[in-house]
There are 4 protein chains.
Amino acid sequence: MDGMTTASAAGFEVSGAGLERKAPGRPRSAKADEAIIAAVIALLKEGVSVGNLSMEAVAARAGVGKATIYRRWPNKDALLIDTVRTMKGPPPEPRGESVRDDLVMLVTAARTKRMEDFGRVAACMLPEFFREDELRKAFQMVSEPRRDVMRGVLRRGVENGELREDLDIELTVLMLTAPGLAQNILNLVPNAPRENFAELLVDAVLRGARP
Amino acid sequence: MDGMTTASAAGFEVSGAGLERKAPGRPRSAKADEAIIAAVIALLKEGVSVGNLSMEAVAARAGVGKATIYRRWPNKDALLIDTVRTMKGPPPEPRGESVRDDLVMLVTAARTKRMEDFGRVAACMLPEFFREDELRKAFQMVSEPRRDVMRGVLRRGVENGELREDLDIELTVLMLTAPGLAQNILNLVPNAPRENFAELLVDAVLRGARP
Amino acid sequence: MDGMTTASAAGFEVSGAGLERKAPGRPRSAKADEAIIAAVIALLKEGVSVGNLSMEAVAARAGVGKATIYRRWPNKDALLIDTVRTMKGPPPEPRGESVRDDLVMLVTAARTKRMEDFGRVAACMLPEFFREDELRKAFQMVSEPRRDVMRGVLRRGVENGELREDLDIELTVLMLTAPGLAQNILNLVPNAPRENFAELLVDAVLRGARP
Amino acid sequence: MDGMTTASAAGFEVSGAGLERKAPGRPRSAKADEAIIAAVIALLKEGVSVGNLSMEAVAARAGVGKATIYRRWPNKDALLIDTVRTMKGPPPEPRGESVRDDLVMLVTAARTKRMEDFGRVAACMLPEFFREDELRKAFQMVSEPRRDVMRGVLRRGVENGELREDLDIELTVLMLTAPGLAQNILNLVPNAPRENFAELLVDAVLRGARP
DNA sequence: TACTAAGCGAGACGGTACGTCGCGTCTTCTT
DNA sequence: AAGAAGACGCGACGTACCGTCTCGCTTAGTA
């Protein structure tokens with residue numbers, strides 16, 4: 001699902017099918033796919049809030065007809081989900097030496113410029129989550145691979161004795177992830193530490209997670 | 001809140017003046033203020049997402065003309081800010097016995113039904129924060145008093161030796177607050193602990209915060 | 001009805017009562033009456049069409065509260081009727097020498113600058129006539145005295161042999177009045193004569209009205 | 001009218017171009033054009049005054065979105081102009097036998113039920129003429145063809161000796177047209193003749209127009 | 001002199017309509 | 001069949017006035 005280039009699997013659906021017959025008629029233009037996603041990202045970077053991001057503007061910016069967008073995504077939400085997916089890219093791979101270094105790397109990776117842009121878009125979709133639970137799930141799936149990597153690191157730490165045996169993995173994931181979210185996506189807590197944030201956070205968590 | 005009864009101080013303004021002459025003309029109806037806020041809350045509770053929450057519907061529900069809303073708030077955002085302020089109510093007061101108990105109480109208080117409703121609305125405003133920084137600040141001000149209470153508890157713990165002398169207070173506040181946000185407002189992390197969440201979180205944090 | 005100065009008889013009513021007891025309380029300000037009518041006229045002269053003439057603007061221009069207007073006139077129509085009445089003033093008096101000269105004078109008097117302003121306002125009320133027949137009647141009453149003068153001149157002409165014995169007086173009044181209306185009020189016929197209009201019209205009509 | 005089928009040439013513009021390339025995109029629906037005009041006429045016939053004629057009501061009655069109206073006409077005036085044009089239809093053709101009969105026919109034709117409806121609408125637009133001179137001209141153009149027919153008849157009468165050689169054609173047109181206007185559009189003169197109005201008027205005018 | 005009742009400027013009130021914008025769909029011609 | 005273009009029905013936006021209703025303050029005549 002991560003490696004696909006066309007948007008056809010979006011809209012909350014999983015492509016499912018194995019070998020489909022080649023469809024008749026003119027094939028969809030891959031160029032259009034990219035132009036559309038790029039247009040969304042460009043507009044968002046220019047400061048257009050998602051509420052103000054109109055499909056009309058996206059189409060115009062991408063040099064594409066509105067129908068071409070709706071042929072690929074059933075609505076604005078689905079388009080945004082795929083945009084988010086594209087922005088995130090593949091999860092980082094831990095080096096595997098010390099648990100602390102890996103966690104610092106993972107927490108840091110969640111706070112790059114790229115992820116800030118991602119957060120910007122993500123935040124814009126939150127309101128819709130209350131309306132459309134499918135959308136929320138689709139969004140969670142975008143981040144799940146990264147959390148899985150972190151779970152792996154923590155499990156490794158428990159196994160090799162670096163971390164307490166009875167460590168609550170899910171809670172620890174949340175403790176390591178949520179502060180970054182609150183900063184990136186919400187930017188809600190005004191005067192939280194910004195320098196060495198990852199180290200500070202990981203150390204604070206590990207202090208209570210060691211045996 | 002803060003003692004002000006009319007909504008006129010909302011919309012990002014501070015009333016400022018001390019004893020102003022009574023404004024001429026018919027005064028604004030306090031009944032309308034309340035009816036409008038109540039209508040917003042009612043509609044949100046009925047499952048209307050903020051994106052779908054129309055000023056027209058609010059006016060109709062409140063039995064009020066649209067102009068009466070716009071006379072008080074310049075736009076939907078400002079109205080929602082005030083709604084949020086109203087929904088939150090005053091911050092809880094810690095008992096002052098053990099730091100752990102106070103923190104558990106504070107974290108729990110952030111996860112009541114009332115706060116969930118609050119989160120629902122808050123989430124809907126996030127997108128606008130990127131457009132309008134004033135709005136973000138206004139929103140942060142709504143939550144700041146609660147965070148101040150938590151800071152007080154932590155400082156007390158540092159002073160009486162219950163907590164490490166070099167504890168990073170802001171980081172700890174973030175660690176105690178963010179996971180709840182991520183659950184309440186974002187509900188983004190699917191399988192995080194839900195039972196005894198407050199105890200589990202506080203204990204995990206304290207384990208690394210004790211001397 | 002023509003000589004009254006206050007607007008109290010407007011709104012399609014006739015004052016009726018003879019000697020009323022002086023009402024208690026503060027009496028209505030004659031200054032306000034005048035200021036309101038003057039404001040309407042001023043605004044209309046500035047090119048505000050009646051459709052765009054808002055009671056709010058009238059009140060502001062007159063330095064008067066809206067209620068002060070509505071205390072005197074039940075609605076915009078009634079106010080306009082009275083404005084029209086004021087603009088017209090009393091009908092002219094014929095000299096009584098030759099029928100032709102009197103008619104020329106009367107036709108001319110209907111085309112002064114003052115009457116053009118009147119026409120401007122009058123035109124603006126026409127649409128309402130289809131809605132409110134009372135309004136039409138009230139308006140007709142404003143012009144009736146002038147037409148009565150013309151009827152008198154024509155009847156005198158018939159009696160003293162200047163005009164045909166079987167002259168249709170009403171039709172002749174219409175023939176002498178309507179062209180001026182069509183020019184003044186409607187300005188609908190683009191290239192009709194404008195110089196010596198009154199003489200030309202009266203002579204053309206009389207040519208067929210002499211014995 | 002004038003052969004144009006879509007409303008696109010209305011709104012005070014002249015289509016101008018000769019053979020334009022077909023515009024891209026979905027063409028405007030001719031059905032909508034008709035439905036909108038029909039809705040206006042229907043509403044007016046039901047007694048809705050033009051002041052009370054809301055675009056919203058027109059859209060609803062025509063089963064059309066408001067934007068569809070505004071895509072064709074810039075405002076209510078332009079829509080009414082086109083409605084008026086539609087209501088009027090082509091000018092009547094004189095038989096060409098006697099001048100008197102032709103004039104009676106023309107004056108009569110200006111007083112049919114259809115023309116009364118027309119007058120009803122026309123009256124409603126008068127107020128706007130003072131604001132928007134373009135509108136007045138557009139309106140005059142609607143009636144001009146009919147006046148041209150009448151000018152033709154009068155000129156023929158002058159040429160064949162039925163009418164005075166020095167007859168003022170424009171003035172005579174006005175004398176024959178204005179009384180009907182004053183009755184139809186204004187209904188301002190209360191007790192003017194209504195039976196045989198056309199014959200009476202034409203005879204009165206001709207009495208002074210014969211050699 | 002104080003009381004009472006209405007008028008007054010100001011402006012908020014519940015409404016209705018405005019003209020605009022964006023949604024997601026449709027209909028045209030072109031590639 | 002997909003594409004660009006753009007019209008379609010719908011519904012919300014924020015504004016402007018309507019005619020009504022409070023406000024606190026004159027401004028008279030009556031007590």
Side-chain angles (χ1 to χ4, degrees), chain A residues 23-29 31-32 51-60 62-76, chain B residues 21-29 31-32 51-60 62-72 74-76, chain C residues 22-29 31-32 51-60 62-76, chain D residues 21-29 31-32 51-60 62-76:
Chain A
R26 173 173 171 181
R28 291 201 185 154
S29 150
K31 228 170 177 171
N52 297 4
L53 179 99
S54 70
M55 296 302 259
E56 241 117 31
V58 172
V64 140
K66 267 204 295 178
T68 300
I69 304 182
Y70 282 102
R71 207 172 286 119
R72 289 161 164 75
W73 295 276
N75 49 46
K76 212 194 317 193
Chain B
R21 281 272 267 98
K22 178 75 183 286
R26 176 175 173 178
R28 300 232 174 118
S29 153
K31 227 170 179 171
N52 297 3
L53 181 101
S54 71
M55 298 300 258
E56 237 130 34
V58 172
V64 142
K66 262 201 292 181
T68 299
I69 303 183
Y70 283 104
R71 210 171 282 120
R72 290 163 164 73
N75 49 46
K76 216 200 281 195
Chain C
K22 181 68 181 289
R26 176 175 171 178
R28 293 208 184 145
S29 150
K31 229 172 179 172
N52 297 3
L53 180 98
S54 69
M55 296 301 259
E56 239 118 35
V58 172
V64 142
K66 268 204 295 179
T68 301
I69 304 182
Y70 282 103
R71 205 172 286 119
R72 290 160 163 75
W73 296 276
N75 50 44
K76 212 194 315 193
Chain D
R21 281 273 267 99
K22 180 73 183 288
R26 176 174 173 179
R28 301 232 174 119
S29 153
K31 226 168 179 172
N52 297 4
L53 181 99
S54 72
M55 297 300 257
E56 237 129 36
V58 172
V64 142
K66 263 201 292 180
T68 299
I69 304 183
Y70 283 103
R71 211 172 281 123
R72 290 162 163 75
W73 296 277
N75 49 48
K76 215 199 282 195

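Every heavy atom of this structure was used, including side-chain atoms; hydrogens, water molecules and symmetry mates were not. Since the structure is predicted, the reported quantities are computational estimates derived from the model, not experimental observations.
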Let me confirm one number: the [atom1]-[atom2] distance from [X] to [Y], rounded to the nearest 0.5 Å.
X: B:Lys66; Y: B:Ser54; atom1: NZ; atom2: OG; result: 8.5 Å
X: B:Asn75; Y: B:Met55; atom1: CG; atom2: CE; result: 7.0 Å
X: A:Ile69; Y: A:Lys76; atom1: CD1; atom2: NZ; result: 11.0 Å

* To do: Answer yes or no: does a side-chain N or O of D:Thr68 lie under 4.0 Å from OP1 or OP2 of F:dG9?
  =>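 For F:dG9, OP1/OP2 do have a side-chain N/O of D:Thr68 under 4.0 Å.
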* side chain to side chain contact (heavy atoms under 4.5 Å, CB included) with A:Ala60: which residues, sequence neighbours excluded? ->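 Per chain and number, A:Ala60 pairs via side chain to side chain contact (heavy atoms under 4.5 Å, CB included) with no residue.
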* Which pair of non-hydrogen atoms, one from D:Gly65 and one from D:Ala59, has the smallest distance, and what is that distance? ->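 Scanning both residues completely, I find the closest heavy atoms to be C-CB, 4.2 Å.
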* Asked: Which atom names give the shortest non-hydrogen contact between B:Ala32 and B:Val64, and what distance separates them?
  ->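 Closest approach of B:Ala32 to B:Val64: CB-CG2, 4.3 Å.
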* To do: Compute the bend angle of the helix from E:dT1-F:dA31 to E:dT31-F:dA1 from the end axes (five pairs per end), rounded to 10°.
  =>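 Nearest ten degrees gives 10° for this helix.
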Return the value, rounded to whole Å, for the distance between atom [atom1] of [X] and atom [atom2] of [N].
X: A:Arg72; N: F:dA2; atom1: CZ; atom2: C1'; answer: 9 Å
X: B:Ile69; N: F:dG14; atom1: CD1; atom2: P; answer: 10 Å
X: C:Lys31; N: E:dG7; atom1: NZ; atom2: P; answer: 18 Å
X: C:Asn52; N: E:dC18; atom1: CG; atom2: P; answer: 13 Å

* Structure fact -> B/S/- along nucleotides 18-24 of chain F (protein heavy atoms under 4.0 Å) is SBBBBBS
* Asked: Looking only at atom types and distance, does a side-chain atom of C:Arg28 sit under 3.5 Å from a main-chain N or O of C:Arg72, one as donor and one as acceptor?
  ->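 Side chain of C:Arg28 to backbone of C:Arg72: no pair is present.
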